[in-house]
Amino acid sequence: MAGALNAALKDRGGIWFGWSGEENEEPSDTLHLQRNDGVTTATIDLTTKEVDEYYNGYANSTLWPLFHYRIDLARFEQRTGQGYERVNDRFADSVSPLIEPDDLVWVHDYHLIPLGQNLRGRGHKNRMGFFLHIPWPPTRLLTSLPFHERLVRTLLDYDLLGFQTEEWLSSFVHYCANELGADVNHETGEITHEGRTVIARAYPIGIDWDHFQAQGEKDEAKAAEERFLASIRGRTGMIGVDRLDYSKGLPERIDGIGRFFDEYPESTRDLVFIQIAPPSREDVESYQKIRAELEQKTGQINGARSEVDIVPIRYVNRGYSHAELFGFFRAAKIGLVTPLRDGMNLVAKEYVAAQNPEDPGVLILSDFAGAARQLDCDGKGAVLVNPHSPDALCHAIRQALDMPLDERKSRFEAMIATVRDDNVVEWTRRFCDDLAAD
Ligand code: ADQ
């Protein structure tokens, strides 16, 4: 997300405001202003308590799991909910003096849902938009959130709301119509409630195509591709690249690969799976658990199937640059992107963007990623799977390994046009044009 927004700001100018990522024991209102690579950022620090309640607490232990349909992992604590509201209020205090009357205000993601309302309370009449990078959950899931209505009502103070897909949009519209009793115009996307109208639409995000292609031209990308190929010594490489997050379906993916090796034991000589998954949100307990689970599952399969010269699954717990990822994606003949739920998933698009058009790899993609709506291309693009089913994953891997070059090419050609054309610059243009239109 950060990469996408950086590109947007470089293109259009403006100020990026948010948390600095730093935490202090004592509260401080100091605004850090910086100019880097054509982009001005204004950030504030948070206290340790605020990070605990707002970031690790309400944003990442309540909203993130709930919005990814994981009510079993969601924690509902009044203390963290209040911390979330307080921090959003503090953000509004800090950013308010920076806003000129004719500025467009574009707020991003679940950490900042109430910010627009807080700014309205400080007298700002600007055009304000909000984009949600993650799914919007079905109404009956959302109503399990205490004070859900209070949270959703804050969204009605924006002028424009953006969602990644029609599915998340329609869940939001359903909530407004059924829980709030709002009037909905399905043609225009207008939602009217208590005299105010907000427009809600789908704006599927894309990759920074030009930047990513430029990364692919670098020596670093070529070196990464060669290193990957040298390491698999003539076997077929299959790759997964994800933040280490339970929404990404990593243990389920390993189960599917385990099923494949059970079904085709001889294939440990032909296929190697490389999973790159740098840790994220390590202070949150559910993230520590997922890491342990993944290590255990990978260890089990490798323990059962390795030989002195063969390790079927390689699990790499660190991040790589986009240039290196480009090289790895190009070297891997299968890209495995199987989240249980994902707003969009840009890795799927990056995998396609990195392929050699003369000999492209196969993308296996979860039906529950927003990206599936764009990359399935009427059944002739990505190979769609149900990520919960080890059998489905096993069959998809078999299909990918057996796929003739002609079919790989035609699937690639179906996908590449949307990956190239529906890019992040286009996404920003669409959203900002709609936001600016009165
Ligand atoms: P994320 O959940 O972070 O983003 P995703 O879109 O897959 O998910 O990835 C974002 C970026 O992180 C990609 O550019 C990718 O290359 C990079 N990345 C992932 N794993 C990496 C690794 N191991 N090393 C280096 N880089 C890595 C949220 C939502 C998504 C939505 C995006 C953008 O959860 O659904 O697509 O925002 O809106």
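Indexing begins at 1, ligand by ligand and atom by atom, following the structure's order.
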Under 4.0 Å from a heavy atom of [X]: give me the atoms of ligand 1 that qualify, with their elements.
| X | answer |
| --- | --- |
| Gln164 | 31 (C), 38 (O) |
| Val347 | 7 (O), 15 (C) |
| Val241 | 20 (N), 21 (C), 22 (C), 23 (N) |
| Gly319 | 24 (N) |
| Arg243 | 1 (P), 2 (O), 3 (O), 20 (N) |
| Glu350 | 13 (C), 14 (O), 15 (C), 16 (O) |
| Asn345 | 6 (O), 7 (O), 30 (C), 31 (C), 35 (O), 36 (O) |
| Gly343 | 35 (O) |

Kindly identify the option in His322, Met344, Lys349, Lys248 whose heavy atom sits closest to atom 1 (P) of ligand 1. Lys248
Closest to atom 30 (C) of ligand 1 among Asp342, Ile134, Asp208, Leu346 (heavy-atom distance): Asp342
Run the salt bridge (Lys or Arg N to Asp or Glu O under 4.0 Å) test against Glu426 and tell me which residues pass, sequence neighbours left out. Arg429
Residues Glu285, Lys289: salt bridge by 4.0 Å N-O rule: yes
Does ligand 1 have a heavy atom under 4.0 Å from the side chain of Asp242, from its backbone, from both, or from neither? backbone
At under 4.0 Å between heavy atoms, what of Ile276 touches ligand 1? The answer is both
Does the residue Trp64 have a heavy-atom contact with ligand 1, meaning some pair of atoms that are separated by less than 4.0 Å? yes
CZ/Arg75: more than 12 non-hydrogen atoms of other groups inside 6.0 Å: no
With sequence neighbours left out, write down each residue that passes side-chain contact (heavy atoms from CB on, under 4.5 Å) with Ala396, or none if nothing qualifies. Ile364, Val383, Val385
Keeping [X] on the side-chain end and [Y] on the backbone end, is there a donor-acceptor pair under 3.5 Å?
| X | Y | result |
| --- | --- | --- |
| Gln355 | Tyr351 | yes |
| Asp367 | Asn386 | no |
| Asn88 | Tyr84 | yes |
| His174 | Ser170 | no |

How many angstroms lie between CD in Glu220 and CD in Gln215, if you round to the nearest 0.5 Å? 7.5 Å
